[in-house]
Amino acid sequence: MTTELVAELERRAARFAAVATVQQAISATISLNEAYREIYKAVASVVDAPCFALMIADSVSEKFNAQCIIVDSQEREGESVLDFPNGTETISKVFQTGVPIVSSKPERWWMGTIFQVASKREVKSEITAPLTYHDRTVGVMQVLSYKTNAYDGYDLDLIMLIARQAAVAIENARLFDAQRSEQRQTEAAAGIARVALRKVTVAKASHSILAILDAVVPSAGKAIGIVSPDGLTLTCVAARGTCEQMEGITGPIESSAVRDAWTTEEPTFVANLREKAYNTGQIPEVPAITIPLIASKRRLGVLVVTSDTAQLQAGPNVDALLRLAPAVALAIDVLLLSEDEQRTHARERTLAAALATMDQPVLILGVDAKVEYANTAAIKEYRYEGHEIAGLSVDDFVVASAQISPRQTIPAIPPDQPLWIGEHIHRRRDGTEFPAAVTLSHIRDASDNIVGLVIGIRNLTEERKVADHLGRTEKLAAIGELVAGVAHELNNPLTGISTFAQLLLEDNLAGEQFESVSLIKREADRATFRSTSTPSSSTRCAFAPSPRDRAASRFTCVSMNRTPRLAAMNRSSNRFCSTLS
């Protein structure tokens, strides 16, 4: 009996230690794909989980998206993962109520789908747990086993611990992904603007723009078409991927696959790009989205992005394309207007409009390092009036440090590098300061002489807050792992004391001997129970068990006020030994 009890305690301690370890791993992930894999590792380390599904709710479509599917311990990938059978009873119920479900009769939604399990095996047990973040359910996690009654309340508690940590990790990863995506889009918009400032042809610039777009929004193919001066024909000046064969072809807009987008001036999804095309032999037979390129209320051309599936209709990639399309349009407009002096002035006005639409501050300086132009975001960030910011020196914005003198706030850009990237502390008009990521790029004239400088600024305040939050989460996970180990080390001797006291009580003891042994047994049991039930105010645990688990000696924290009880146990033990002697 003693061996079995010790083995059970060791097993539980090992599982809680595993939970602490995976909580730390989950908290440390900064991308969604990494978070999903760590969540499954956590589940598989504590329960039998040959099959696993993690579904995230889409607030826009009000459907679930299967983000991670494991069948027979193998991850299922591919386009069919998005075709998740929505609305199953158990999943919907758990999502709506936020209450987990343990069942020995799981629903057979796996049958006939990409998630089909082995043909001769049947799923017989499941745990469906909500992913809750700040009282908001963001998704559902489902664990399935081929064994009958494979899960009990203890398993459910472990899964719920992981589910709560998983929800936090997913939200953190989402936030980081969103920030990285926004940063990439901002950098892409700045890169497109720099392309517009180069002395190159429209075709060469379009190839560079497609390369920039491909780095932010990968796709099967992309192409840029430019409208003729009379507005009747469209010429493909640059193409990549599946659209590469389209480069150089010219056709009437009214007989092309982009005529709907051209007419409505709205992005349009085309199920088959070849179906309505003029030159069918050179057009790929694939789904595509066509985005009109409009600047200064003029239609300049069309951006075509193809996909292998029809899933390009919506999603973050499409949102990114729509955000970058105005920058592409404005860049092309600048290039088309750069042939003479009159168009040069128009190009400057168009570029100013492009910068004004950006949500990141941008400053344009002259050769004297004074502001010649500030976009709307810069005026809002630095809290100046439009007429006040013009003419200010860049030193009025950058806080000089001991290492940087006021005249060194603009570093030299090596000739072999297109831009300089670094970080400064910037000061607003009211004296408040903020950390900023800064990109510097020269403006050159037709003779390649430097005539100015473009400064892009990104406020890092929120990004650093998120980083600090993630650091605190990692520390809490590490403390949880340490506490679980300490609890294990303290409960082993307490278990031994209780066990041997019980063996002594089975002998014929009487009087003070019986009382002393009973006191030892009682205090040892109470000390063990105390460590699992009521953590003191000086100790907190991120994975405290339920009352039912506490009654079964499932410990997660170490009580710092156990010392008086241990002293009482020592006194009782000494009295008992004196009596025997």
Side-chain angles (χ1 to χ4, degrees), residues 12-47 54 56 98 100 129-139 141 154-180 460-491 530-547 549-550 554-562:
R12 293 177 180 177
R15 295 180 77 177
F16 274 109
V19 170
T21 300
V22 297
Q23 282 179 326
Q24 184 177 7
I26 291 173
S27 300
T29 57
I30 59 175
S31 72
L32 282 172
N33 289 334
E34 290 176 355
Y36 297 146
R37 293 188 179 95
E38 290 297 336
I39 291 168
Y40 173 68
K41 289 180 182 178
V43 172
S45 68
V46 295
V47 298
L54 192 148
I56 301 299
L131 299 173
T132 305
Y133 178 76
H134 288 179
D135 298 326
R136 177 173 60 91
T137 304
V138 299
M141 183 171 69
Y154 179 67
D155 295 322
L156 178 61
D157 288 339
L158 290 176
I159 294 302
M160 285 301 297
L161 290 176
I162 295 174
R164 284 191 289 270
Q165 188 71 17
V168 174
I170 290 172
E171 289 301 309
N172 285 343
R174 276 182 172 179
L175 183 57
F176 272 101
D177 277 358
Q179 288 183 336
R180 284 194 294 266
L460 299 175
T461 302
E462 291 301 323
E463 182 176 330
R464 291 187 176 178
K465 286 182 180 179
V466 173
D468 290 342
H469 173 71
L470 181 60
R472 290 193 295 271
T473 303
E474 293 174 350
K475 291 178 181 178
L476 289 175
I479 291 173
E481 180 181 4
L482 176 62
V483 167
V486 173
H488 172 69
E489 293 299 326
L490 287 177
N491 273 276
R530 182 68 174 177
S531 69
T532 66
S533 59
T534 313
S536 70
S537 60
S538 62
T539 58
R540 301 297 181 199
C541 185
F543 41 86
S546 65
D549 291 335
R550 299 193 197 107
R554 295 166 184 166
F555 51 87
T556 59
C557 301
V558 178
S559 176
M560 300 301 294
N561 58 5
R562 194 188 300 122

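Because the structure is a prediction, the values reported are computed rather than measured. Numbering starts at 1 and runs along the sequence shown.
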In sequence, state the C-alpha distance, the side-chain angles, and the governing distance for Val47 and Tyr154, and then conclude on side chain to side chain contact (heavy atoms under 4.5 Å, CB included). CA-CA 10 Å; Val47 298; Tyr154 179 67; over 6 Å; no
Interatomic spacing from NZ in Lys465 to CG in Leu460 - rounded to 0.5 Å: 12.5 Å
Would you name the heavy atoms of Glu463 and Gln179 that are closest together and state the gap between them? CA-NE2, 3.7 Å
Considering all heavy atoms, the nearest Pro100-Ala129 contact: CB-CA, 4.1 Å
I need the Leu175 CG to Glu462 CD distance, nearest 0.5 Å. 9.0 Å
Could you pull out the closest heavy-atom pair between Tyr133 and Val168, with the gap in Å? CD1-CA, 3.8 Å
Please examine the side chains of Val466 and Phe176, heavy atoms only from C-beta on, and report whether any two atoms are closer than 4.5 Å. yes
So do the side chains of Pro130 and Met141 get within less than 4.5 Å of each other, counting heavy atoms only? no
Answer yes or no: is there a side-chain heavy-atom contact under 4.5 Å between Glu474 and His469? no
Would you say that Arg164 contacts Thr132 through its side chain, given a criterion of any heavy-atom pair below 4.5 Å between the two side chains? no
CZ-CG distance between Arg472 and Leu470, expressed to the nearest 0.5 angstrom: 10.0 Å
Of Thr473, Leu476, Ile170, Ile39, the one forming a side-chain contact (heavy atoms from CB on, under 4.5 Å) with Gln165 is Thr473
Please test Thr137 against Leu131 for side chain to side chain contact (heavy atoms under 4.5 Å, CB included), starting from the C-alpha separation and ending with a verdict. CA-CA 6 Å; Thr137 304; Leu131 299 173; 5.6 Å; no
Within this structure, what is the CD-CD1 distance for the pair Glu38 and Ile162, rounded to the nearest 0.5 Å? 11.5 Å
